[in-house]
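Reviewing the structure listed below.
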Amino acid sequence: MTTPAPAPQEGLCAKLLRGWRGARSLNALQALAPHDRSRVLADAGLTDLNAPSVLRAGHVGALLPAAMALHGVDGAVVEQDRPDLMNDLQRVCALCRSARPCRRLLAEGCTQPEHARLCPNADTLDALR
């Protein structure tokens, strides 16, 4: 009898994005002691300056998996084998200012080279193939 493979662990950035949306989340983060807040943010690759943008970025959950699939990357494998890299991919996606054009391109069934011209994660995704 084989034991099932462990479920992939969710990256810290993904947990932060899922659990700390909006003003209430930012208030909870700000309520932490400065040292604790710095540690939590550093673990996620964030700073006090970019945390609000990342925590409000609702597009990551839809666009990053689609972009990864388009670039031939299995997100579940990256999440399991390299949660640190997944955190970086999520953070870069969250801070991207091209979410609307990205959403449109992905919805229209763009090609990988078309998407790569727009996506700040493209080089990393291509390296993961």
Side-chain angles (χ1 to χ4, degrees):
M1 178 183 210
T2 61
T3 58
Q9 292 186 357
E10 187 175 48
L12 180 59
C13 192
K15 288 177 187 174
L16 287 172
L17 287 170
R18 190 185 78 249
W20 285 351
R21 297 236 187 255
R24 183 179 299 159
S25 302
L26 291 172
N27 289 341
L29 184 62
Q30 292 300 324
L32 294 173
H35 182 314
D36 292 335
R37 182 176 57 249
S38 295
R39 284 185 35 209
V40 167
L41 292 172
D43 285 347
L46 301 173
T47 67
D48 278 323
L49 295 176
N50 64 17
S53 298
V54 171
L55 296 175
R56 289 189 179 118
H59 64 274
V60 176
L63 299 183
L64 184 58
M68 293 177 88
L70 179 64
H71 287 261
V73 175
D74 185 338
V77 171
V78 175
E79 186 73 47
Q80 182 174 353
D81 295 346
R82 295 286 313 275
D84 58 324
L85 182 58
M86 183 59 89
N87 283 343
D88 288 343
L89 290 167
Q90 292 166 336
R91 181 178 42 80
V92 169
C93 185
L95 294 172
C96 180
R97 296 183 182 261
S98 299
R100 283 188 179 147
C102 180
R103 185 182 318 278
R104 186 175 20 78
L105 276 176
L106 292 169
E108 292 170 356
C110 68
T111 64
Q112 182 274 332
E114 289 172 320
H115 185 261
R117 286 192 292 271
L118 176 72
C119 182
N121 275 323
D123 290 338
T124 303
L125 294 174
D126 290 341
L128 288 170
R129 266 193 287 162

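The chain is numbered in sequence order, starting from 1. Side-chain atoms are counted along with the backbone in the values below, which use heavy atoms only and exclude waters and symmetry mates.
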Checklist outcome for this item: Between His71 and Ala122 the two heavy atoms that sit nearest each other are CE1-CB, 4.0 Å
Checklist entry - In Å and rounded to the nearest 0.5 Å, what is the CG to CZ distance from Asp88 to Arg91? => result 5.0 Å
Next on the checklist: How close do Ala67 and Leu106 get, counting heavy atoms only, and between which atoms?
Outcome noted: N-CD1, 4.2 Å
Item to check | Non-hydrogen atoms of Met68 and Leu125 that approach each other most closely | outcome: CG-CD2, 3.7 Å
Next on the checklist: Do Leu85 and Leu128 make a side-chain contact, defined as non-hydrogen atoms from C-beta onward lying under 4.5 Å apart?
Outcome noted: yes
Next on the checklist: Measuring from atom CG of Leu63 to atom CZ of Arg100, what distance do you get when rounded to the nearest 0.5 angstrom?
Outcome noted: 12.0 Å
Item to check | Approximate separation, where rounding is to 0.5 Å, of Gln112 CD and Arg129 CZ | outcome: 5.0 Å
Checklist entry - Got a sec, which residues hit salt bridge (Lys or Arg N to Asp or Glu O under 4.0 Å) with Arg97, two or more places apart in sequence or on another chain? => result none
Item to check | Taking every non-hydrogen atom, the tightest pair across Cys93 and Asn121 | outcome: N-ND2, 3.7 Å
Checklist entry - Sequence neighbours excluded, which residues qualify as salt bridge (Lys or Arg N to Asp or Glu O under 4.0 Å) partners of Asp81? => result none
Checklist entry - How many angstroms lie between CG in Leu64 and CE in Met86, if you round to the nearest 0.5 Å? => result 6.0 Å
Checklist entry - Apart from Leu105 itself, what residues make up its hydrophobic cluster, given side-chain heavy atom links below 4.5 Å? => result Leu118
Checklist outcome for this item: Correct closest heavy-atom pair for Thr111 and Leu70 would be O-CD2, 3.9 Å
Next on the checklist: List the residues meeting salt bridge (Lys or Arg N to Asp or Glu O under 4.0 Å) with Asp84, not counting sequence neighbours, and say none if there are none.
Outcome noted: Arg82
Next on the checklist: Show the nearest heavy-atom pair for residues His115 and Cys110, with the distance to one decimal.
Outcome noted: CB-SG, 3.8 Å
Checklist entry - Can you name the salt bridge (Lys or Arg N to Asp or Glu O under 4.0 Å) partners of Arg37, sequence neighbours left out? => result Asp48
Item to check | Selection residues 104-118 - residue pairs positive for salt bridge (Lys or Arg N to Asp or Glu O under 4.0 Å), sequence neighbours left out | outcome: none
Next on the checklist: A side-chain contact here means heavy atoms from C-beta on lying under 4.5 Å apart; do Val73 and Leu89 qualify?
Outcome noted: no
Item to check | From CD (Gln90) to CG (Leu95), nearest 0.5 Å | outcome: 12.0 Å
